[in-house]
Amino acid sequence: MPGLDLSSVATFLEGFILLDTVRITRPAPGKQVLNTTTGQYAYPEGETVYEGPGAVQAAGTSDGVTSPPVASLPWVDETRSRYRALTPLAAPIAERGMLITVVAVHAGGDTELIGRQWRAQDPSVAGTIGVLRITGLDQVQQTREVP
């Protein structure tokens, strides 16, 4: 018995939702380094695994607070930002810890997304019936000095 052919649905959704350009990279070993041009910390350039059509969206779930690093602290100031990346099924599965960056947005899109980075929380979702690849993300927080 033949299964469902969802290729036309996938093609439609790719042209309807995957309007921006995203880059998935495997981070280079090492810690973040200060970019003296921008004044922000960034990871060293890693290996690009995918660059092409994609989208980044809020996951629709509430953010969470990570557990305190020291038992005597009542909370921490680092939250988990729930996002998800959408890429075509032809894109490789993003592994845990890979960085996803928006490198271009469509006309009329949110230009504030350009350059923002997220870290893959888990490998991309895969399933028998799917039309887009979905990857859970946590936004990479920037350290800012208070004057």
How far apart are the closest heavy atoms of [X] and [Y], and which atoms are they?
X: L137; Y: A120; result: CD2-CA, 4.0 Å
X: Q139; Y: W118; result: CA-CD1, 3.2 Å
X: V49; Y: P92; result: CG1-CG, 3.5 Å
X: Y50; Y: P88; result: OH-CD, 3.3 Å

Self-check item: Validation row: P27, E47 side chains within 4.5 angstrom (heavy atoms)
Solution: no
Quiz item: Less than 4.5 Å apart, any side-chain heavy atom of V22 and any of E51?
Solution: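 They are not in side-chain contact.
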Quiz item: Under the salt bridge (Lys or Arg N to Asp or Glu O under 4.0 Å) test, which residues partner R133, sequence neighbours left out?
Solution: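 Not a single residue meets the salt bridge (Lys or Arg N to Asp or Glu O under 4.0 Å) criterion with R133.
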Quiz prompt | Atom pair CD1 (I93) and OG1 (T87), whose distance is rounded to the nearest 0.5 Å | solution =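 One finds 9.5 Å between CD1 of I93 and OG1 of T87.
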Exercise. Calculate, to the nearest 0.5 Å, the distance between atoms CD and CG belonging to Q40 and L34 respectively.
Key: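 It is 9.5 Å, given to the nearest 0.5 Å.
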Would a hydrophobic clustering, with Ile, Leu, Val, Met, Phe, Trp and Tyr connected at side-chain separations under 4.5 Å, put [X] with [Y]?
X: L89; Y: V125; result: no
X: F12; Y: L132; result: yes
X: I134; Y: V131; result: yes
X: L113; Y: L19; result: no

List the atom pairs, with distances to 0.1 Å, where a side-chain N or O of residues 96-108 and a protein N or O form a donor-acceptor pair under 3.5 Å, not counting sequence neighbours.
from, atom 1, to, atom 2, distance (Å)
R96, NH1, Q121, O, 2.3
T101, OG1, Q117, NE2, 3.3
H106, ND1, D20, OD1, 2.7

Exercise. Kindly write out the residues that satisfy side-chain hydrogen bond (donor to acceptor under 3.5 Å, both in side chains) with T135, not counting sequence neighbours, or none if the list is empty.
Key: S124
